[in-house]
Amino acid sequence: MTVQELPGAAAAYPAFTLRTDPAPLLPDTEPYRVLGLGTDSPLDPALMRRLYEGLVRGRRYNAQATALTKQGRLAVYPSSTGQEACEIAAALVLQEQDWLFPSYRDTLAAVARGLDPVEALTLLRGDWHTGYDPREHRIAPLCTPLATQLPHAVGLAHAARLAGDDVVALAMVGDGGTSEGDFHEALNFAAVWQAPVVFLVQNNGFAISVPLAKQTAAPSLAHKAVGYGMPGRLVDGNDAAAVHEVLGEAMRLARSGGGPTLVEAVTYRMEAHTNADDATRYRGDAEVEAWRAHDPVDLLERELTGRGLLDEETIRTVREGAETMAADLRARMNADPVLDPMELFAHVYAEQTSQLREQAAMLRDELEAGAGR
Amino acid sequence: MTAAATLAAKPATMAQALQRAMRDAMAEDARVHVLGEDVGTLGGVFRVTDGLAKEFGEDRCTDTPLAEAGILGTAVGMAMYGLRPVVEMQFDAFAYPAFEQLISHVAKMRNRTRGAMPLPIVVRVPYGGGIGGVEHHSDSSEAYYMATPGLKVVAPATVADAYGLLREAIDCDDPVVFLEPKRLYWSKADWSPHPVEPIGRAVVRRTGRSATLITYGPSVPVCLEAAEAAKEEGWDLEVVDLRSLVPFDDETVCASVRRTGRAVVVHESTGFGGPGGEIAARVTERCFHHLEAPVLRVAGFDIPYPPPMLERHHLPGVDRVLDAVARLQWEA
Ligand SMILES: Cc1ncc(C[n+]2csc(CCOP(=O)(O)OP(=O)(O)O)c2C)c(N)n1
């Protein structure tokens, strides 16, 4: 008996068709770039000036925050030095009503969105976990458990869409975070619900010490989008103009009901993971130097100067502004925060349980006894 | 209960009362959304969400992709935007993938934002054994949740409480893990929807003078049965139904133990590291001079939940409760 003679073999194979055409979802095979190509495709001068100012101030902010760790004013600082193009572009593509979902490395994006840097750094100073009201700024708490903020962004965007509100959520995550289950679940939910979300992966080469090659076998992180049925975009993460353009398009798609996009921005973490890390244990200087030649601030400055969109005068003004910002931040962070230990019991529940009341009384007694001593 | 409510009482199961609680909450408040696996078209594997998608539409009662962290994680975002999500975890052991979201975000959001962003989320978990479920369908996971500040942990034992406590949980501005004893889903009572004692209050289900059985959820009916059987031995047992493990009602529990002078804590969860240890310690700390005997615990064995053909040996039953009562040093 041949296979064809088996009973039932003649029955038609149930129709199978692809549910979406994967071709339009595929990212380019090279990161999209705008700057340094020697072309004269038009750039919006006002936008470029805002990006430039943001990058210069962002670089100075990173340096200042790192310095504050050395002075014991911050418990820890995960710097986004080298990644300022992503941080600033992410903030600038947002409209007033949109939401940002940052990770611990993204205080700069929060500050660029308008958050007071002292409030943004509260977590890292250690006087409370979140230093601001997320709803007031539409900035979710800086998220430390990797990728867990991504489903929040999806749920919020979904809720906004159900309400008929014009709100897009932009969620930020690192390359290491893309290996987490929550990354997968968030992208899957977002695509199924066609939620107005943009996922920005900053592929900065490392998850603490682990390089991307040990993280994934995907052609690129942007390619993962295709598996969820959403477009993937690959962009040069040090090219502020390119990141802004790609994120802006993704935001417009989401806003117009076109669903989520996954953007992989290829960049590099110039500093160690945090001030507590020693990057020489896992990477060499040559690699760092190669990336220094592709620095996001220099890249933009060179291009804009070359095109006559930036003059010495403006550069000086912007740098002075950054110095003033840093001096102000330094001064304010040098003041000891006023802490009330009794606040430890204030926000666990809407109403304190009897157990928390008892424990609060105990601490109050201890504090009073201590003050009397 | 008002006279009118009593008059209108009809036989109902706990599952129906839970469904009614969600239905009434959804009708009253457009912010209430139900989401989970199979909760829409099917009405949930236990039919607790039966009819909700039909009545309120799939945007209000949503079949999600199959991913518990994703379900709870998106519920967090929905709550951040002002909705009041009611999440169904299909079974106790399948709530574990959502653990990180629950512990790191749901429980902590109010606190970490200094009260600015509370998350009014209810996580409904069909829990506990006694239904002949195969592996991973019978866990008593309350100790994990109880040990997490920021969560309220509630377990109804009666049809009226199933409705009343779930309504309260949905109205509550804090996240609530709502443990539904799945072997009581089909328990019946004459009932009409009405409010009950608030979350955080224990209730004396049966008054007695000899000893207090402290229990909750699926073990409440076991304790009531044990109390009836104990009459033969001459023991008049009081049964306290905790209803809520967090907040814990020290007052009602201790008042009872001070009256009776003896106590046994009864639950299905494992004894070692289980809720009974905390409860026994609290009672001892507060009622030491009223106690005639050490506080005893009747709990599930310290074993992974057994296969269905052996579960009856594991679950605390009437005899094991009575044996514990017998050990409460009556001879003195
Ligand atoms: C769930 C979880 N696991 C582990 C950690 C510890 N951790 C903090 S940052 C980090 C590396 C993350 O790398 P990546 O996602 O690439 O982001 P980057 O730090 O490079 O911005 C790790 C392992 C964590 N925060 N959360």
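Naming convention: chains lettered A, B, ... in sequence-line order (proteins, then strands); numbering from 1 in each chain.
- A:A140 touches chain B through backbone and side chain together, each having a heavy atom under 4.5 Å away.
- Within the 4.5 angstrom heavy-atom criterion, no atom of A:A346 approaches chain B.
- Separating the SG atom in B:C172 from the CD atom in A:E351 is a distance of 9.0 Å, to the nearest 0.5 Å.
- Residues from residues 167-182 of chain A that place a non-hydrogen atom less than 4.5 Å from a non-hydrogen atom of chain B comprise A:V167, A:D182, given in numerical order.
- Taking A:H152, A:E136, A:R138 one by one and counting their heavy-atom pairs under 4.5 Å with chain B, the maximum is reached by A:H152.
- A:D133 contributes atom CG, which lies 8.0 Å from atom CE of B:M117 (distance to the nearest 0.5 angstrom).
- Annotation: residues 72-83 of chain B contacts chain A through B:G73, B:T74, B:V76, B:G77, B:M78, B:A79, B:M80, B:Y81, B:G82, B:L83 [non-hydrogen atoms, separation under 4.5 Å].
- Residues A:T148 and B:S104 fail the side-chain proximity criterion, which asks for heavy atoms closer than 4.5 Å.
- How far CZ of B:R110 is from NE2 of A:H347: 9.5 Å, rounded to the nearest 0.5 Å.
- In this structure, chain B has no heavy atom under 4.5 Å from any part of A:A153.
- Contact annotation for residues 93-123 of chain A against chain B (heavy-atom separation below 4.5 Å, listed by residue number): A:W99, A:F101.
- No side-chain heavy atom of A:E185 sits less than 4.5 Å from a side-chain heavy atom of B:P97.
- For chain A, the nearby part of B:D174 is the side chain; its heavy atoms alone come within less than 4.5 Å.
- Between B:D250 and A:Q355 the shortest side-chain heavy-atom distance falls below 4.5 Å.
- Per-residue counts of heavy-atom pairs under 4.5 Å with chain A were compared for B:G200, B:P247, B:G150; the largest is that of B:G150.
- Of the listed residues (B:M109, B:K108, B:R282, B:H33), the one with the most heavy-atom contacts under 4.5 Å to chain A is B:R282.
- There is no contact between A:Q352 and chain B, counting heavy-atom distances below 4.5 Å.
- Interatomic distance, NE2 of A:H158 versus OG1 of B:T62, reported as 5.5 Å (0.5 Å rounding).
- Annotation for B:E58: atom CD does not count as buried by contact number, only 12 or fewer foreign heavy atoms lying within 6.0 Å.
- Inspection of non-hydrogen atoms places no residue of residues 253-260 of chain B under 4.5 Å from chain A.
- Contacts of A:L344 with chain B are made by backbone atoms alone, with heavy-atom separations under 4.5 Å and no side-chain atom involved.
- Side chain of A:Y349 to backbone of B:L151: a donor-acceptor contact under 3.5 angstrom is found.
- The parts of A:V348 that come within reach of chain B are both its backbone and its side chain, each placing non-hydrogen atoms under 4.5 angstrom from that chain.
- Summarising the local packing, OH of B:Y144 is surrounded by 12 or fewer heavy atoms from other residues, nucleotides or ligands at distances under 6.0 Å.
- For the set B:A30, B:G70, B:P118, the count of heavy-atom pairs under 4.5 angstrom toward chain A peaks at B:G70.
- Side chains of A:Q149 and B:H105: a donor-acceptor N/O pair is absent below 3.5 angstrom, by distance only.
- The two residues A:W128 and B:T113 come nearest to each other via the heavy atoms NE1-N, 4.5 Å.
- Interface remark: of the candidates B:Q101, B:E251, B:E100, B:Q101 forms the most heavy-atom pairs closer than 4.5 Å to chain A.
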